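Letters go in sequence order (proteins before strands), and every chain restarts at 1. Since we're looking at a predicted model, the values are computed, not measured.
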Amino acid sequence: MKLNVRINGKDKSFRVGPEEVLLDVLRREGYTGVKRGCRKGDCGACAVLIDNELFNSCVLPAMSVAGKDVITIEGIGTPNALHVLQRTFLEEGAVQCGFCTPGMILAVKALLDRNEDPNETEIKEALDGNLCRCTGYVKIIKAVKKAARSMREVGE
Amino acid sequence: MSGDKLKVVGFSEMKVDGRGLVTGKAKYTADWVENDMLHMKILGSPHAHARIKGIDTTRAWNLPGVVEIFTHENVPRIPHTTAGQGYPEPSPYDSFIVDRKVRFVGDRVAMVVAESETIAKEALGLIEVDYELLPAVLDLEEAMKEGAPVIHDEEEAHVIIPVPYDPSRNLVARVDMEIGDMEEGFSRADVIVEDSYYAHYAQHCPVEPHISLAIPDPDGRILIVTSTQVPFHVRRITAQALGIPVKRIRVIKPRIGGGFGTKQEILLEPAVALAALKIGRPVICELTRKEEFISSRTRHPIKTVLRTGCTREGEITAVDMHCLSNTGAYGSHGLTVVCNCGSKVLPLYKCDNVKFLGEAVYTNLPVPGAYRGYGATQAAFAMECNMNEMARKIGMDPLEFRKKNHIGIGDTSPIFEALGEGGEGVPQSVESCGLDQCIDRGAHEIGWKEKWGGNDGDKKIKRGIGEACLMQGSSIPKIDMGAASIKMNDDGSFNLLIGATDIGTGSDTILAQIAAEELGCRTEDMIVYSSDTDMTPFDVGAYASSTTYLTGTAVRKTAAEVKKQIIKVGAEMLGVSEEEVMVEDRAIISSETGESVSFKDVALRSLYMCDQHQIMATASHITEKSPPPFAAHFVEVEVDTETGEVKCLKYVTGTDCGQAINPQLAEGQTEGALLNGLSYALTEEYIFNDKGQMLNPNFKNYRIYRTTDLPEIVSFLVTTHEPTGPYGAKSVSEIGINGALPAISNAIYDAVGVRLTKPPFTAEKVLQALDNKNKF
Ligand code: FES
Ligand code: FES
């Protein structure tokens with residue numbers, strides 16, 4: 001089957017199998033920042049934004065995103081041009097192994113896009129589906145608060 | 001050096017690999033793309049104990065896309081241990097790449113290699129296995145009984161170091177030690193506390209599961225790219241398991257998605273290497289989450305029977321600890337984990353009469369291995385609960401009781417010498433200890449004075465405060481070795497080559513900081529390349545809380561040597577003697593004239609202009625000691641007396657890891673460890689049926705903590721200076737996981753007066769305990 005989809009702002013067209021999930025297609029096409037942690041929709045490592053909403057791509061049939069706008073971590077920032085979120089995660093020590101980080105950052109992006117000044121409970125709720133075994137989440141939450149602040153200031 | 005101000009060490013510099021991690025560009029094993037790659041899937045046993053009478057692979061072979069099938073019939077049968085430890089390994093040689101017997105549900109029966117993962121998976125379902133079922137033993141005390149089923153009845157199972165090992169009785173290890181006079185100790189006690197504590201099964205749950213890729217090359221060598229904590233042990237043990245020379249294997253560790261001990265194991269590497277060599281194409285194998293739970297590694301469940309006595313004045317007169325460890329179907333880390341129950345817990349408190357017995361036994365259950373805390377987690381649970389009980393019984397504040405008894409600067413403990421990892425230890429005295437500051441500040445943060453021992457009267461929801469004091473070690477003395485090479489480049493930058501294994505901990509970063517500090521340059525001048533067995537010097541890997549202390553010192557030594565070479569050239573250029581210069585901020589400066597030459601000048605001269613040579617050095621380090629880091633943990637809980645539900649409101653940790661090389665990363669280690677500990681204490685649990693099958697191998701039903709479970713967390717570091725560590729550093733990565741079990745148990749006791757000894761402390765168990773209490 002042919003899948004026409006917009007990924008990180010670019011129109012793409014892929015051949016996909018009828019059973020294929022979005023995660024596998026994305027990784028095969030080079031978006032390897034999308035991570036595979038459980039393949040059951042339980043960990044958030046594979047999270048992507050679809051029309052600005054957060055989804056676990058491992059349980060999503062690839063064809064279901066036909067015609068939609070998909071954002072992966074590759075569409076957020078690059079090593080030479082980090083997004084505020086990415087920079088703040090680094091500054092605050094919110095990254096250890098980094099395996100949860102792409103999904104985590106997209107979850108934060110989704111949150112801040114709809115709520116530019118979330119309180120701690122809102123942050124925790126928004127990140128509830130993204131497991132991190134390394135950090136204990138403490139510095140992640142701190143990073144979110146700080147990033148939200150700087151994004152409000154510059155109006156990003 | 002003392003008195004000099006640190007310029008790089010002690011600062012929270014950004015991770016050197018950070019940009020790749022936050023942008024999704026960093027390469028993990030799964031991101032290593034190879035053309036022509038094949039996929040391996042493993043058939044796991046449905047039975048806890050069975051002999052394979054026959055395997056029919058005909059139907060699987062008929063499936064288009066199947067390339068190879070491995071069973072015990074076509075795989076070399078070479079006994080080895082999967083434990084990624086140094087040679088000679090203290091774990092028994094009781095494992096085969098695949099065997100004709102299965103010893104737990106999930107044990108390996110066959111491996112299929114196919115053109116795609118889907119095909120490989122489908123083929124597994126087409127393999128027909130004829131099992132002869134054997135009686136299974138699922139309880140560790142049953143396993144020790146006369147006439148219990150023998151799990152390792154094969155004659156090859158053996159140990160290669162002189163330690164007790166008797167598979168005919170399912171005995172994997174036994175270690176004992178006694179100092180002083182126990183009888184006298186207990187007879188002097190005014191109060192004796194005895195209880196049994198049951199630390200339970202748990203999985204590490206790295207978000208990235210085990211994954212290994214083997215790529216054959218035309219010269220007959222094989223490259224293994226793998227998610228491991230121990231690349232050099234992977235090379236050695238894979239070579240052994242395949243019966244090929246070490247020189248034919250190169251191991252590269254790319255970025256790793258967490259380990260926590262489960263990747264200190266050689267699980268998939270021999271299998272994919274075998275397949276790639278045979279087929280001549282790259283082969284990858286990645287565990288599913290279910291396989292990760294069932295057939296990778298877990299924490300050792302350990303029953304600790306602890307009897308302790310003290311006088312009314314608070315002197316500890318006797319400690320008698322018996323740890324019985326369930327090492328599952330294979331003895332990986334069986335001996336050393338149970339040794340650590342004693343060696344990383346008993347020295348914390350001064351006592352003249354101490355007895356320790358540790359035993360590890362086989363059962364037909366999933367296989368434990370290394371897990372952050374490594375025995376200390378299990379035994380500290382018992383010790384810290386008993387400490388709390390004893391203090392209460394003699395009417396002393398539990399914190400005062402600990403302060404009165406804990407080991408401190410200048411103290412030694414006979415345990416250090418009597419008990420090590422696998423046998424005897426090494427004598428040492430404590431040269432740095434910030435435990436009192438951890439206790440005092442932690443007590444203040446949690447509100448100990450105001451809240452501890454408080455009475456909530458008839459309230460339905462009661463609050464309680466709990467505490468625990470901890471120690472761990474820093475590397476395995478006289479055994480572990482780390483090495484580093486540093487090479488200077490044209491522009492005054494350096495390649496730092498280390499065997500050490502950054503599994504997300506940030507070791508690449510802190511080692512670069514140590515090198516930069518010693519050299520007199522900045523972290524960004526260090527180009528770090530680690531964990532490639534062809535290119536970097538040896539290192540035992542990421543375990544035993546060793547990297548900062550051990551490899552850190554190797555790096556510092558190497559940098560000091562390189563600095564000498566730089567000074568030589570610099571002094572020549574300045575026309576002064578080597579004694580007359582100092583090094584500061586990438587330059588060699590004449591102390592006399594203030595004239596200077598930069599690192600770049602030195603590099604260009606040494607590479608291109610005069611007496612050309614490569615400025616470069618390699619140094620290794622082994623440690624004579626394993627200085628303990630210390631910590632105090634505090635927790636406040638709420639217990640609902642009607643539902644039994646325990647809620648953690650606040651968690652405070654104070655940690656003395658010496659001089660933190662990078663405080664932010666050190667805090668991160670502590671926070672991650674404590675939350676894992678908390679999750680272990682309150683929710684994580686393996687649920688088995690009576691056939692030894694785990695019923696909840698997924699994140700839906702095996703609950704690890706998420707953001708919404710998070711209590712308020714306060715974590716702080718107490719800086720001390722460990723004279724034997726690099727810039728005063730000790731270890732930090734493991735200790736933080738050990739506090740939650742006892743601290744929560746103590747807090748529940750403080751809240752409602754019942755002692756819970758069987759974690760996880762679920763509502764059901766609390767309710768049951770309250771019921772029992774009310775009956776009497
Ligand atoms: S991999 Fe998709 S949620 Fe875990
Ligand atoms: S940083 Fe390792 S899982 Fe989050």
Side-chain angles (χ1 to χ4, degrees), chain A residues 17 19 24 27 30-45 72-74 76-83 85-87 89-103 105 121 123-141, chain B residues 12 14-15 17-28 30-31 33 118 204-209 255-260 286 288-290 292 502-506 662-665 667-676 678-679 698-700 704-710 713 715 736:
Chain A
E19 305 275 287
D24 292 343
R27 288 189 54 84
Y31 304 93
T32 50
V34 191
K35 298 299 175 202
R36 186 166 56 220
C38 71
R39 315 181 196 197
K40 294 268 181 227
D42 296 336
C43 77
T72 69
I73 189 69
E74 286 88 352
I76 298 291
T78 64
N80 293 328
L82 295 179
H83 186 273
L85 275 175
Q86 294 168 316
R87 205 174 50 237
F89 263 57
L90 284 183
E91 285 166 359
E92 289 303 307
V95 182
Q96 286 189 29
C97 78
F99 206 75
C100 70
T101 308
I105 284 180
T121 312
I123 296 173
K124 286 180 176 174
E125 272 162 13
L127 302 185
D128 189 49
N130 294 76
L131 298 180
C132 173
R133 193 63 152 175
C134 297
T135 62
Y137 306 107
V138 181
K139 297 197 185 313
I140 292 179
I141 290 168
Chain B
S12 297
M14 238 143 70
K15 274 166 81 92
D17 52 343
R19 282 173 184 270
L21 299 177
V22 289
T23 52
K25 293 286 183 208
K27 268 196 175 180
Y28 298 77
D31 306 328
V33 183
T118 319
H204 316 64
C205 302
V207 181
E208 176 202 40
R255 298 339 288 168
I256 301 296
F260 318 108
E286 174 179 345
T288 62
R289 187 53 55 183
K290 183 175 170 192
E292 187 70 25
D502 192 331
I503 52 171
T505 49
N662 182 318
Q664 192 180 62
L665 291 175
E667 279 167 26
Q669 285 298 306
T670 306
E671 290 158 1
L674 85 84
L675 202 75
N676 188 164
L678 201 53
S679 178
N698 55 64
F699 286 139
K700 279 189 192 73
I704 71 172
Y705 261 34
R706 347 178 129 246
T707 45
T708 44
D709 298 309
L710 204 62
I713 286 177
S715 76

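Atoms OG1 and CD1, on A:Thr78 and A:Ile76 in that order, are 11.5 Å from each other to the nearest 0.5 Å.
Interface remark: B:Ala30 contributes backbone and side-chain atoms alike to the contact with chain A (heavy atom separation under 4.5 Å). Contact of B:Ile256 with chain A is made through the backbone alone, with heavy-atom distances under 4.5 Å. For chain B, the nearby part of A:Arg27 is the side chain; its heavy atoms alone come within less than 4.5 Å. With a 4.5 Å cut-off on non-hydrogen atoms, A:Lys35 touches chain B through its side chain but not through its backbone. Contact of A:Leu82 with chain B is made through the side chain alone, with heavy-atom distances under 4.5 Å. For B:Ser679, the part lying under 4.5 angstrom from a heavy atom of chain A is the side chain only. Of the atoms belonging to B:Leu675, it is side-chain heavy atoms, and not backbone ones, that fall under 4.5 Å from chain A. For A:Ile140, no part lies under 4.5 angstrom from a heavy atom of chain B. Of the two parts of B:Lys25, only the side chain, counted from C-beta on, holds a non-hydrogen atom closer than 4.5 Å to a non-hydrogen atom of chain A. Using a 4.5 Å cut-off between heavy atoms, B:Gln669 contacts chain A through both its backbone and its side chain.
When all heavy atoms of A:Ala45 and A:Gly37 are compared, the pair lying nearest together is CB-N, 4.0 Å.
Contact count against chain A (heavy-atom pairs under 4.5 Å) is highest for B:Glu667 among B:Glu667, B:Lys27, B:Glu292. The candidate with the highest count of non-hydrogen atom pairs below 4.5 Å against chain A, out of B:Lys700, B:Gln664, B:Met14, is B:Gln664. The most heavy-atom pairs under 4.5 Å with chain A, out of B:Tyr705, B:Phe260, B:Tyr28, come from B:Tyr28. Considering only heavy-atom pairs separated by less than 4.5 Å from chain A, the leading option among B:Cys205, B:Ser12, B:Gly258, B:Pro209 is B:Cys205.
Annotation: side chain of B:Leu21 is not in contact with side chain of A:Thr101 (no heavy-atom distance under 4.5 Å). Using a 4.5 Å heavy-atom cutoff, the side chains of A:Ile105 and A:Ile73 are in contact.
Listed for the B:Arg289 side chain is a donor-acceptor partner under 3.5 Å among the backbone atoms of B:Val207.
Using a 4.0 Å cut-off between charged side-chain N and carboxylate O, B:Glu208 and B:Arg255 make no salt bridge.
B:Glu671 and B:Ser715 form a side-chain donor-acceptor contact under 3.5 Å, judged by distance and modelled atom types alone.
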- [ ] Applying side chain to side chain contact (heavy atoms under 4.5 Å, CB included), run through B:Asn698 and B:Lys290 and close with a yes or a no.
- [x] CA-CA 6 Å; B:Asn698 55 64; B:Lys290 183 175 170 192; over 6 Å; no

TODO: Take B:Lys15 and B:Asn662 through the test side chain to side chain contact (heavy atoms under 4.5 Å, CB included) and record every step on the way to the result.
DONE: CA-CA 10 Å; B:Lys15 274 166 81 92; B:Asn662 182 318; over 6 Å; no

